[in-house]
Amino acid sequence: TAVLGGLFYGASNLQNITLLDSMTSIGGSAFRNCTSLESIELPNSITSIGNYAFYMCDSLESISLPDSILSIGTYAFFGCESMVSIKLSQGINSIGERTFTNCASLEQVDFPDSITIIGDYAFSGCDSLTSIELPDSLSKINTHAFDGNGLTSVIIPDACEVIESYAFADNMKLAEVTLPSSLREIGAYCFENCDALTSITIPDSVSSLSTYVFNDCDLLAEVILGNGITEIMRNTFSNCPALNNVVIPYGVTGIGSSAF
């Protein structure tokens with residue numbers, strides 16, 4: 001049995017709902033724009049939440065996803081501005097595009113060890129998100145995944161190989177970043193405008209730094225590049241006025257224009 005797609009779309013007076021144990025899925029846009037919805041209890045029988053299911057439910061403060069849930073659609077909780085915490089279920093292996101974008105009050109996210117990919121813009125614009133503990137299973141962080149947040153530090157887990165463009169851009173309070181030895185790729189503009197960042201160490205596993213990766217990092221003073229680096233592209237460290245110590249390995253064969 002399913003909650004049909006669009007069933008309660010725009011039901012602006014709906015405040016609380018409890019789903020029956022027989023329910024197995026929540027269809028796309030099922031509770032979209034239920035602006036007064038404050039709480040919902042999901043049974044252990046639910047296996048999927050559709051695209052836009054709780055889109056702009058801006059009174060919803062928290063939700064606990066049962067471990068039976070295997071997939072969450074894109075934009076599922078987009079714009080849930082009152083949501084303070086979210087506990088993701090153990091069965092989920094990826095977080096889709098813009099799933100939690102613009103959840104401005106979100107302070108806590110509990111990631112299960114099953115997560116391998118965090119999708120495009122998944123947590124973009126979550127202003128109140130100051131700390132995250134990423135799961136050891138994570139292998140890829142997609143474009144804009146955490147941009148525009150309030151993060152103060154981040155440790156990228158050892159399994160992660162790719163951080164795409166703009167993933168942590170505009171985290172202006174981000175002071176500490178730890179990158180793992182497994183990392184192969186750091187996308188363009190990845191840490192742009194991270195004004196509180198003072199130092200960064202690039203692991204040996206990274207061979208090239210994309211354009212504008214650390215552009216406009218006002219307090220960045222020290223950069224230690226790993227021995228695997230062969231190319232630093234244009235504007236990688238441009239507009240970093242505090243930069244005074246850069247360790248460049250012998251293997252670097254190309255430095256782009258305005259790299260520093």
Side-chain angles (χ1 to χ4, degrees), residues 116-118 120-124 129-260:
T116 59
I117 297 174
I118 296 177
D120 300 358
Y121 295 88
F123 295 94
S124 176
L129 193 61
T130 59
S131 65
I132 50 172
E133 185 174 344
L134 297 172
D136 293 338
S137 54
L138 187 64
S139 62
K140 186 182 180 185
I141 301 172
N142 282 9
T143 184
H144 290 274
F146 293 97
D147 79 327
N149 293 345
L151 295 175
T152 58
S153 66
V154 63
I155 298 174
I156 307 299
D158 289 340
C160 190
E161 297 184 354
V162 177
I163 306 174
E164 290 191 345
S165 61
Y166 294 96
F168 294 94
D170 297 314
N171 277 267
M172 301 184 74
K173 297 179 181 178
L174 186 60
E176 185 176 353
V177 175
T178 303
L179 302 176
S181 59
S182 58
L183 192 63
R184 295 185 294 101
E185 180 182 334
I186 304 174
Y189 300 89
C190 188
F191 295 97
E192 184 183 48
N193 287 330
C194 291
D195 287 346
L197 190 65
T198 57
S199 66
I200 190 71
T201 299
I202 307 297
D204 294 343
S205 52
V206 176
S207 60
S208 177
L209 285 176
S210 299
T211 59
Y212 295 92
V213 176
F214 296 96
N215 180 51
D216 281 327
C217 291
D218 289 349
L219 297 182
L220 185 62
E222 182 181 42
V223 173
I224 300 174
L225 300 175
N227 292 324
I229 291 285
T230 59
E231 182 181 18
I232 302 170
M233 296 186 182
R234 62 182 177 86
N235 297 98
T236 300
F237 296 96
S238 59
N239 300 315
C240 296
L243 191 60
N244 58 39
N245 185 18
V246 181
V247 178
I248 299 177
Y250 288 110
V252 172
T253 58
I255 298 178
S257 61
S258 301
F260 296 95

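The structure displayed is predicted, hence computed values, not measured ones.
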Could you check Val177 against Ile200 for side chain to side chain contact (heavy atoms under 4.5 Å, CB included), going step by step and ending with a plain yes or no? CA-CA 7 Å; Val177 175; Ile200 190 71; 3.9 Å; yes
For [X] versus [Y], what's the shortest heavy-atom pair and its separation?
{"X": "Asp170", "Y": "Asn193", "result": "OD1-ND2, 2.9 Å"}
{"X": "Thr236", "Y": "Leu209", "result": "OG1-O, 3.8 Å"}
{"X": "Pro135", "Y": "Pro157", "result": "O-CG, 3.2 Å"}
{"X": "Pro203", "Y": "Ser181", "result": "CB-CA, 4.0 Å"}
{"X": "Ile117", "Y": "Leu138", "result": "N-CD1, 3.9 Å"}
{"X": "Ala188", "Y": "Ser210", "result": "N-CB, 3.5 Å"}

Keeping the roles fixed (side chain from [X], backbone from [Y]), state whether a donor-acceptor pair exists under 3.5 Å.
{"X": "Ser238", "Y": "Ser258", "result": "no"}
{"X": "Thr198", "Y": "Ala221", "result": "no"}
{"X": "Asn171", "Y": "Leu151", "result": "yes"}

For Asp136, is the CG atom crowded, meaning more than 12 foreign heavy atoms sit under 6.0 Å from it? no
If you count the non-hydrogen atoms of other residues, nucleotides and ligands that lie under 6.0 Å from CD1 in Ile155, is the total more than 12? no
After noting the C-alpha distance and the side-chain angles of Asp195 and Leu197, does the key distance pass the side chain to side chain contact (heavy atoms under 4.5 Å, CB included) rule? CA-CA 6 Å; Asp195 287 346; Leu197 190 65; over 6 Å; no
In Å and rounded to the nearest 0.5 Å, what is the [atom1] to [atom2] distance from [X] to [Y]?
{"X": "Glu192", "Y": "Asn239", "atom1": "CD", "atom2": "CG", "answer": "9.0 Å"}
{"X": "Ser208", "Y": "Ile202", "atom1": "OG", "atom2": "CD1", "answer": "11.0 Å"}
{"X": "Phe123", "Y": "Ile132", "atom1": "CZ", "atom2": "CD1", "answer": "8.0 Å"}
{"X": "Glu164", "Y": "His144", "atom1": "CD", "atom2": "NE2", "answer": "10.0 Å"}
{"X": "Cys194", "Y": "Asn215", "atom1": "SG", "atom2": "CG", "answer": "11.0 Å"}
{"X": "Cys240", "Y": "Leu220", "atom1": "SG", "atom2": "CG", "answer": "5.0 Å"}

Any donor-acceptor pair under 3.5 Å linking the side-chain atoms of [Y] with those of [X]?
{"X": "Asp120", "Y": "Asn142", "answer": "yes"}
{"X": "Thr143", "Y": "Ser165", "answer": "yes"}
{"X": "Ser182", "Y": "Asp158", "answer": "no"}

Evaluate salt bridge (Lys or Arg N to Asp or Glu O under 4.0 Å) for Glu161 paired with Lys140, printing each intermediate quantity in order. CA-CA 6 Å; Glu161 297 184 354; Lys140 186 182 180 185; over 6 Å; no
Begin from the C-alpha positions of Leu183 and Ile163 and carry the test side chain to side chain contact (heavy atoms under 4.5 Å, CB included) through to its verdict. CA-CA 8 Å; Leu183 192 63; Ile163 306 174; 3.8 Å; yes
Flag the pair [X] / [Y] as yes when at least one side-chain heavy-atom distance between them is below 4.5 Å, and no otherwise.
{"X": "Leu174", "Y": "Asn149", "answer": "no"}
{"X": "Leu179", "Y": "Val206", "answer": "no"}
{"X": "Cys160", "Y": "Ser139", "answer": "no"}

Just one of Tyr166, Phe191, Phe168 clears the ring pair (Phe, Tyr, Trp, His ring centres under 6.0 Å) bar with Phe146, so which one? Phe168
Please list, chain by chain and in numerical order, all residues satisfying side chain to side chain contact (heavy atoms under 4.5 Å, CB included) with Pro241, sequence neighbours excluded. Asp218
Let me have the donor-acceptor pairs involving side chains of residues 222-235, under 3.5 Å, with sequence neighbours excluded, atom names and distances please.
| from | atom 1 | to | atom 2 | distance (Å) |
| --- | --- | --- | --- | --- |
| Glu222 | OE2 | Asn245 | ND2 | 3.2 |
| Thr230 | OG1 | Ser207 | O | 3.2 |
| Asn235 | OD1 | Tyr212 | OH | 3.3 |

Show your reasoning for whether side chain to side chain contact (heavy atoms under 4.5 Å, CB included) applies to Ile248 and Phe260. CA-CA 12 Å; Ile248 299 177; Phe260 296 95; 4.2 Å; yes
